[in-house]
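Structure, as structure tokens:
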Amino acid sequence: MKYDWQKDVAVLYEGLGDIEPFQQLAIRLDIPLISAQTLNLDKQLFFLSWRDGCLSLLDKESIQKSGLTVEIDHRQGEQRSWPIAKSGALAQAMGRKTRTVVDATAGWGQDSLAMFRMGYDVLSIERSSIMAELLADGFGRLAKLEWMQHLKLAPPQLLVGSAIDMLEQLPFQPDCIYLDPMFPPKRKKSALAKKSIMVLRDLVGDDLDKEQLFATAFKVAGKRVVVKSPDYAEPLGGKPSESFHGKLLRYDVYLTQNKV
């Protein structure tokens, strides 16, 4: 089920701190601003609010908890230096000569951040205004971390809008364009996905224009297009140049040197 975010999402102000950031967020997204006193869990399904210094997406189950945020910490088991070693299926798919990457389907930003920590120059594109606000908050928190400031690093750049339109307007040609579109679930009785992915699907829906997005990416990318997909899905762009497999997923690589 895809929700109408302008009807089903509100900004929640709980009476703590300056109300102005909450008001500005509601204005930018053109959604209601509600207070804890007028909270109606039957009217809105999702809420945006700041918890522990992070902009969070809350639902009925997490209204009293921290909610979902863009996680900026290193992943479990990941080295704490920068850049981290380029290892694993994702790094193999990116290729040794790749320097600049456009993540055209940023979502919760975890792949953008993983590539950033590997040392790639990353630009993220997200068409959902709500997800873009969460990403902007996460990237802003990342910029303030001690190790980022010590190394004088800037977080990934974020553009908001349709990647199909934006890719052809980029002022540079990226080495790689990375796609992680929403694919339909394998079957209705499949194992539950992570809550963050389920919520993202509820808010954004399946990417019905992913074939058009791939065609645009293939036209624009300087060296390769990398498509992340579940292992059961058919390759988005036909037979790939090569594929690299992770747990329950696959990275299909399309080398643009082969394009006519």
Donor-acceptor contact below 3.5 Å, side chain Thr256 vs main chain Gly222: yes
Close side-chain approach of Leu159 to Leu123, heavy-atom, < 4.5 Å: yes
From Phe47 atom CZ to Asp8 atom CG, the distance as rounded to the nearest 0.5 Å: 10.0 Å
Check: Cys176 main-chain N/O paired with Lys223 side-chain donor or acceptor under 3.5 Å: no
Where Trp82 and Gly119 come nearest, the two heavy atoms and their spacing: CZ2-CA, 3.8 Å
Minimum-distance pair of heavy atoms, taken over all atoms of Arg224 and Met94: CD-O, 3.2 Å
Pairwise distance CD1(Ile19) to CD(Gln24) - rounded to 0.5 angstrom: 11.0 Å
Validation row: Leu48, Leu25 side chains within 4.5 angstrom (heavy atoms): yes
Nearest heavy-atom neighbours spanning Arg99 and Arg96: NH1-O, 3.0 Å
Verdict with supporting geometry, Glu168 and Lys219, side-chain contact (heavy atoms from CB on, under 4.5 Å): CA-CA 9 Å; Glu168 295 191 279; Lys219 181 168 62 173; 2.7 Å; yes
Heavy-atom side-chain proximity of Thr69 to Arg141 below 4.5 angstrom: yes
Distance (rounded to the nearest 0.5 Å) between Leu170 CG and Leu167 CG: 5.5 Å
Side-chain heavy atoms of Val225 within contact of Phe214, under 4.5 Å: yes
Side-chain (Ser56) to main-chain (Ser66) donor-acceptor, under 3.5 angstrom: yes
Distance-only side-chain donor-acceptor flag, Asp175 / Thr98, under 3.5 Å: no
Glu126 side chain to Gly107 backbone, donor-acceptor under 3.5 Å: yes
OG on Ser35 to CD on Glu14, rounded to 0.5 Å: 10.0 Å
Rounded distance (nearest 0.5 Å) linking atom CG of Leu58 with atom CG of Leu45: 13.0 Å
Asp18, CG atom: more than 12 neighbouring heavy atoms under 6.0 Å: yes
4.5 Å side-chain heavy-atom contact, Asp209 and Ile164: yes
Any donor-acceptor pair under 3.5 Å from Tyr178 side chain to Val101 backbone: no
Check: Ile177 and Val226 side chains under 4.5 Å, non-hydrogen atoms: no
Test item: Leu29 and Glu133 side chains (from C-beta on) under 4.5 Å apart, heavy atoms: yes
Residue pairs involving residues 236-256 (criterion salt bridge (charged side-chain N to carboxylate O under 4.0 Å, His left out); sequence neighbours excluded): Arg250-Asp252
ring-ring contact (aromatic ring centres under 6.0 Å, His included) partners for Trp108, two or more places apart: none
Minimum-distance pair of heavy atoms, taken over all atoms of Ala217 and Leu179: CB-CD1, 4.2 Å
Closest contact, heavy atoms only, Ala26 versus Leu33: CB-CB, 4.0 Å
Expected output: side-chain Thr105 to main-chain Asp180 donor-acceptor under 3.5 Å: yes
Cys54 backbone acceptor or donor facing Asp137 side chain under 3.5 Å: no
Face-on cation placement of Lys60 at Phe46 ring, 6.0 Å and 45° thresholds: no
Geometric class of the Trp50/Phe22 ring pair [parallel <30°, tilted 30-60°, perpendicular >60°]: perpendicular
same_hphob_cluster(Phe244, Leu248) at 4.5 Å side-chain heavy-atom cutoff: no
For the student: nearest non-hydrogen atoms of Leu113 and Glu71, plus distance: CD1-O, 3.3 Å
Qualifying residue, where the test is side-chain contact (heavy atoms from CB on, under 4.5 Å) with Val70 and the options are Leu55, Leu135, Leu142: Leu135
Derivation of the side-chain contact (heavy atoms from CB on, under 4.5 Å) call for Lys228 and Leu249: CA-CA 7 Å; Lys228 178 183 177 182; Leu249 56 84; 3.7 Å; yes
Check: Tyr251 and Pro240 side chains under 4.5 Å, non-hydrogen atoms: no
Run the side-chain donor-acceptor check on residues 143-152: report pairs under 3.5 Å with partners two or more places apart or on a different chain.
none

Verdict with supporting geometry, Asp121 and Phe172, side-chain contact (heavy atoms from CB on, under 4.5 Å): CA-CA 12 Å; Asp121 184 357; Phe172 68 100; over 6 Å; no
OG on Ser243 to CG on Asp231, rounded to 0.5 Å: 11.5 Å
